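All values reported here derive from a predicted model rather than from experimental measurement. Residue numbers begin at 1 in each chain, while the letters A, B, ... track the order of the sequences.
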Protein chains: 2
Amino acid sequence: MSNRNQTESVILGLLSVEGNQSGYDLRKTIQGSVGFFWGESFGQIYPTLKRMAGEGLIVATGGTGSDGEGGRQRQLYSLTEAGRARLTEWLAMPCRDDPPRDEFLLKLFFGGVVPPSISIEHVRAFREKNLRLLATLEELGRLGRERNGDHPQFAFWMLTLTAGVAQIRAGLEWSEAALAMLAELEKGGQPSE
Amino acid sequence: MSNRNQTESVILGLLSVEGNQSGYDLRKTIQGSVGFFWGESFGQIYPTLKRMAGEGLIVATGGTGSDGEGGRQRQLYSLTEAGRARLTEWLAMPCRDDPPRDEFLLKLFFGGVVPPSISIEHVRAFREKNLRLLATLEELGRLGRERNGDHPQFAFWMLTLTAGVAQIRAGLEWSEAALAMLAELEKGGQPSE
DNA sequence: ACACACATGTAATTGGTTACATGATTTC
DNA sequence: GAAATCATGTAACCAATTACATGTGTGT
């Protein structure tokens, strides 16, 4: 009952809002919905699907390949009752907080041992990444509203979006201040080492 | 030259600002400095130290135990030139962006399949965690200024702190709005499933 | 004919956590 | 002398990435 396998959770969740998806579909769905805060690789998805089917959490529903209908080889899956139960069970559990690891902040923390230009470069990259992400998120919001604005779960999707946007905006504001500070430092004097 | 082992990087960094630390010390130092955005476990630290010593990135410098001086068994390490070179090399590399995974946002995303009270609970927990973290960070800033305010790298440490504070504040503001929205939803009507 | 996107999977590797085992030293 | 803390380590396990292998259908 430990639920350490997070891939399982995303799959359960996505299949609960729309069944009959293949591994390939799931990956695309992930990228187009939770992609900005969640990633999955095929090497994780396919084995997990098989395992889950074996455990009765999902069922293989049609798809070409097994029956000789022709067409491209696809294996679709849908949630079972057991799967849905597992999903709600997982949702009710408190979030595990795995220790965060932010390589960007780590490099910045040790920025004093190298010339400031290096940290400046990192902050710039951070800023640009956030700018790109912000654009993506806004696009995602636009698309979502247009295509699923009337979906009963839309409000929750928007909630995650606004959370992302808030984080990004904060990051952007901070990065401006950080760049100003670093520019000052670069003018002022070299670091001790 | 891929530097996938991030534990190595923290160790290099920390030993560069202060040598003669044991695995135990390093853990404490981590918690008291980069702890709010970086975690390490003993099971990772000790083997990594051994490997790094074998590769010549660090050296075992004194500590009791090997020489029969008595006192508690401790193995201290310091950076070598090779270690310092590796550190600067790592610092100059662009940050790898490993796919993020935010279980909180994931649960919120699927909040529509369970009663709103569950999502409310998650957001509350998120909010409280952020409040606690904010207090920790402010304390950390106070302590740091008081003890290391004159250290040449202090400015960089503050930079990571302010980044953390900015993120947290944004999260807190968002959580208020989210709670308001969810409360509304709870009054209004049950979710579709 | 060729390239590209679709589609599924396996194998190797690793980074990391957790739990366990052990013992010394200080403190009460 | 018991408990807490200091201190180091090992073993088991697992989640996940990456690279590789394979084949089909579509568009040009």
* To do: Could you say whether A/G39 or B/Y46 is positioned toward the 5' end of DNA chain D, judged by the nucleotide with the nearest heavy atom to each?
  =>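 Mapping each residue to its closest nucleotide by heavy atoms, the 5'-most match is B/Y46.
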* Structure fact -> Judged by nearest nucleotide, the residue sitting upstream toward the 5' end of DNA chain D, A/S41 or B/G43, is B/G43
What is the distance, to the nearest angstrom, from the [atom1] atom on [X] to the [atom2] atom on [N]?
X	N	atom1	atom2	value
A/R27	D/dT18	CZ	C1'	12 Å
A/Q73	D/dA21	CD	C1'	13 Å
A/L49	C/dG9	CG	C1'	11 Å
B/N5	D/dT17	CG	P	17 Å
B/F42	D/dT10	CZ	P	14 Å
A/L26	C/dG9	CG	P	12 Å
B/D97	D/dA16	CG	C1'	16 Å
B/Q44	D/dA15	CD	C1'	14 Å

* May I ask you to establish whether B/R101 and A/F37 are in a cation-pi arrangement, using a distance under 6.0 Å from NZ or CZ to the six-membered ring centre and at most 45° from the ring axis? => no
* Could you tell me whether A/R74 sits above the aromatic face of A/Y24, with NZ or CZ closer than 6.0 angstrom to the six-membered ring centre and within 45 degrees of the axis? =>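 No, A/R74 does not sit over the ring of A/Y24.
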* Of the listed nucleotides D/dA7, D/dA16, C/dC6, the one nearest the side chain of B/R101 ->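 Among the listed nucleotides, the one closest to the side chain of B/R101 is D/dA16.
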* To do: Can you figure out which of C/dT8, D/dG9, D/dT8 approaches the side chain of B/Y24 most closely?
  => D/dT8
* Compare side-chain N and O positions of B/Q75 against OP1 and OP2 of D/dG9 and report whether any pair is under 4.0 Å apart. => no
* Phosphate contact (D/dA15 OP1 or OP2) by A/T7 side-chain N/O below 4.0 Å ->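 No.
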* **Whichever of B/W38 and A/Y77 has its nearest DNA chain C nucleotide further upstream toward 5'** => A/Y77
* Would a hydrophobic clustering, with Ile, Leu, Val, Met, Phe, Trp and Tyr connected at side-chain separations under 4.5 Å, put B/F36 with B/L131? ->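 Per the 4.5 Å side-chain linkage, B/F36 and B/L131 are co-clustered.
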* Asked: Should A/V59 and A/L12 be regarded as members of a common hydrophobic cluster, given that ILVMFWY residues are connected when their side-chain heavy atoms come within less than 4.5 Å of each other, either directly or indirectly?
  -> no
* To do: Return yes if a side-chain donor-acceptor contact under 3.5 Å exists between A/Q44 and A/T7, otherwise no.
  => yes
